[in-house]
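The next block holds one structure in the form of structure tokens; read it before the comments.
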Amino acid sequence: MSVTEEQAAVLALTRATAGPWHHTARVVEARGSALRLARGDLGGLGEHDRAHAARVVARLRPGDLGRAEALIAACPAALVTVLDDGYPGNLACAHNLQPFLWVRGRLGIGDHRSVAVTGDAPGARAAARALAAAGLTVVCDAPRTAGAAATAGGRAIVVGPDDGRPEALVGGPDGGRPGAGGPTAVVAVSPFWPGTAATARTRAVTGLVTSGLAAALYVTGDGDGERAAMALSQGKHVFAAPGLPWTPRLAYRGGVTVVAGIDELARQAVNLVDVTRLTTVF
């Protein structure tokens, strides 16, 4: 079985999945081979996983594997699946990991030292610059925020649908481009089918992948309570700007730190990722 065959089987099984994809990702990971699953070999799976896998396999159609291989060959972005060594460890540890990622640029082992930043408001871009200057990778869902990290001499991962125009995903007035090389590279990551348009569903999945790829999340807006709750459910630490109305509601469970300003954010974020770096493999 080749790597491409296994990757194609991951895509085919994902395409045949009804509902959220993370259960299929976990089943594929547990079985250790998407190709064996696609051929009906469900050995080693627990009862719940076996039932899910059987439903997915039953929805496969003749030619699905071949169509998936053709997609891999045609797509200019690199494919990383849950079966590949290059799948990011921060996301692999999340309960809602995605089965595959299309990557423009190159993910690095040092990217586990990362903080996700929500939005592209001035406060988000200022945070991205400070975190990048502190030597952390910035994970975000906004091109201008990624560009702010890059122009500060840092590194950024921007998450979102890839419509075939990567310059649109990582462009903008602050600059930055995928695969630029060196410390200022901006990497574009998409957990969707190539050509997927932005919708409410893609925004939700983009949010969970953005926090999943990082060791922590920084939120700046009143409407980010759901993003914070998602990050907490993934086991991520949440840093929050002061005065947000939802922090008392979430902070009772632990894992939320209100930071007075950008300098404190950068300092505490560095301390956090350096404490966890021995147990987190990107």
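For clarity, every value in this text was computed on a predicted model and none was experimentally measured.
Other residues, nucleotides and ligands place no more than 12 heavy atoms under 6.0 Å from the CD atom of Glu226.
Summarising the geometry, atom CZ belonging to Arg59 is positioned 10.5 Å from atom CG belonging to Leu13; distances are rounded to the nearest 0.5 Å. Here the straight-line distance linking atom CG of Asn90 with atom CG of Asp111 works out to 9.0 Å at 0.5 Å rounding. Atom CD1 of residue Ile262 and atom CZ of residue Arg267 lie 12.0 Å apart, to the nearest 0.5 angstrom. The CE atom of Met230 sits 5.5 Å away from atom NE2 of His95, with the distance rounded to the nearest 0.5 Å. One distance of note links OH of Tyr87 with CG of Leu101; it measures 5.0 Å at 0.5 Å rounding. Rounding to the nearest 0.5 angstrom, the gap separating the CG atom in Leu71 from the CG atom in Leu79 is 8.0 Å.
The two atoms that bring Leu65 and Ala12 nearest to each other are CD2-CB, 3.8 Å, heavy atoms only. Minimum heavy-atom separation, Ala150 to Val186: CB-CG2, 3.7 Å.
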- Can you check salt bridge (charged side-chain N to carboxylate O under 4.0 Å, His left out) on Arg31 and Asp41, steps first, answer last? CA-CA 9 Å; Arg31 182 61 186 86; Asp41 182 353; 2.9 Å; yes
Working note: Thr145 + Asp120, criterion side chain to side chain donor-acceptor pair (under 3.5 Å); need CA distance, chi angles, decisive distance, verdict. CA-CA 5 Å; Thr145 302; Asp120 68 349; 5.8 Å; no
Would you check, one step at a time, whether the test side-chain contact (heavy atoms from CB on, under 4.5 Å) holds for Ile157 with Val138?
CA-CA 6 Å; Ile157 299 170; Val138 173; over 6 Å; no
Practice problem: Under the side-chain contact (heavy atoms from CB on, under 4.5 Å) rule, what do Val256 and Phe239 come out as? Steps first, then yes or no, please. | Solution: CA-CA 6 Å; Val256 177; Phe239 295 106; over 6 Å; no
For Gln98 and Leu208, run side-chain contact (heavy atoms from CB on, under 4.5 Å): C-alpha distance rounded to whole Å, both residues' side-chain angles, the deciding distance at 0.1 Å, then the answer.
-> CA-CA 9 Å; Gln98 297 299 289; Leu208 72 86; 3.9 Å; yes
Walk me through whether His112 and Val273 qualify under side-chain contact (heavy atoms from CB on, under 4.5 Å).
CA-CA 8 Å; His112 73 278; Val273 298; over 6 Å; no
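Between Phe100 and Pro191 there is no side-chain heavy-atom pair separated by less than 4.5 Å. In this structure, Thr137 and Leu131 have side chains that are not in contact, with every pair of non-hydrogen atoms separated by 4.5 Å or more. Between Val187 and Arg155, some side-chain heavy-atom pair lies under the 4.5 Å cut-off. Using a 4.5 Å cut-off on side-chain heavy atoms (C-beta onward), Val139 and Val159 make contact. Proximity of Val238 to Arg227: side-chain heavy atoms (C-beta onward) are nowhere separated by under 4.5 Å. Side chains of Val10 and Leu83 form a contact here, defined as non-hydrogen atoms less than 4.5 Å apart. Taking the side chain as every heavy atom from C-beta outward, Leu11 and Glu69 never approach each other to under 4.5 Å. For the pair Arg61 and Arg67, the minimum side-chain heavy-atom distance is below 4.5 Å.
Look at Arg15 and Asp64 and you find no salt bridge, because none of the NZ, NE, NH1 or NH2 atoms lies under 4.0 Å from a carboxylate O. At a threshold of 4.0 Å, the pair Asp141-Arg203 does not count as salt-bridged, since none of the basic side-chain nitrogens sits closer than that to a carboxylate oxygen. Contact check on Arg104 versus Asp162 returns a salt bridge, with a Lys/Arg side-chain nitrogen under 4.0 Å from an Asp/Glu carboxylate oxygen.
Taken together through direct or relayed side-chain contacts under 4.5 Å among Ile, Leu, Val, Met, Phe, Trp and Tyr, Trp102 and Val158 form parts of separate hydrophobic clusters. Put simply, Val270 and Val259 are part of the same group of oily side chains (I, L, V, M, F, W, Y) that touch within less than 4.5 Å, one to the next. When hydrophobic clusters are built by joining Ile, Leu, Val, Met, Phe, Trp and Tyr residues whose side-chain heavy atoms come closer than 4.5 Å, directly or via intermediates, Leu217 is grouped together with Leu232. Hydrophobic clustering, with ILVMFWY side chains joined whenever heavy atoms are under 4.5 angstrom apart, groups Val57 together with Leu45.
The backbone N or O of Asn96 lies less than 3.5 Å from no partner atom in the side chain of Gln234, so there is not a single donor-acceptor pair. Using modelled atom types, no side-chain atom of Glu29 and backbone atom of Val82 make a donor-acceptor pair closer than 3.5 Å. Panel note: side chain Thr247, backbone Gly243; no donor-acceptor pair is recorded below 3.5 Å. Looking at Gln268, its side chain never comes within 3.5 Å of a backbone N or O of Glu264 through a donor-acceptor pair. Checked by atom type and distance alone, the side chain of Asp224 pairs as donor or acceptor with a backbone atom of Gly221 at under 3.5 Å. The backbone N or O of Ile72 lies less than 3.5 Å from no partner atom in the side chain of Gln7, so there is not a single donor-acceptor pair.
Taking the six-membered ring for Trp and the full ring otherwise, Trp21 and Phe192 have centroids separated by 6.0 Å or more.
Put simply, the residue from Glu6, Glu5, Arg39 that forms a side-chain hydrogen bond (donor to acceptor under 3.5 Å, both in side chains) with Ser33 is Glu6.
In this model, a donor atom of one side chain and an acceptor atom of the other lie less than 3.5 Å apart for Thr17 and Thr24.
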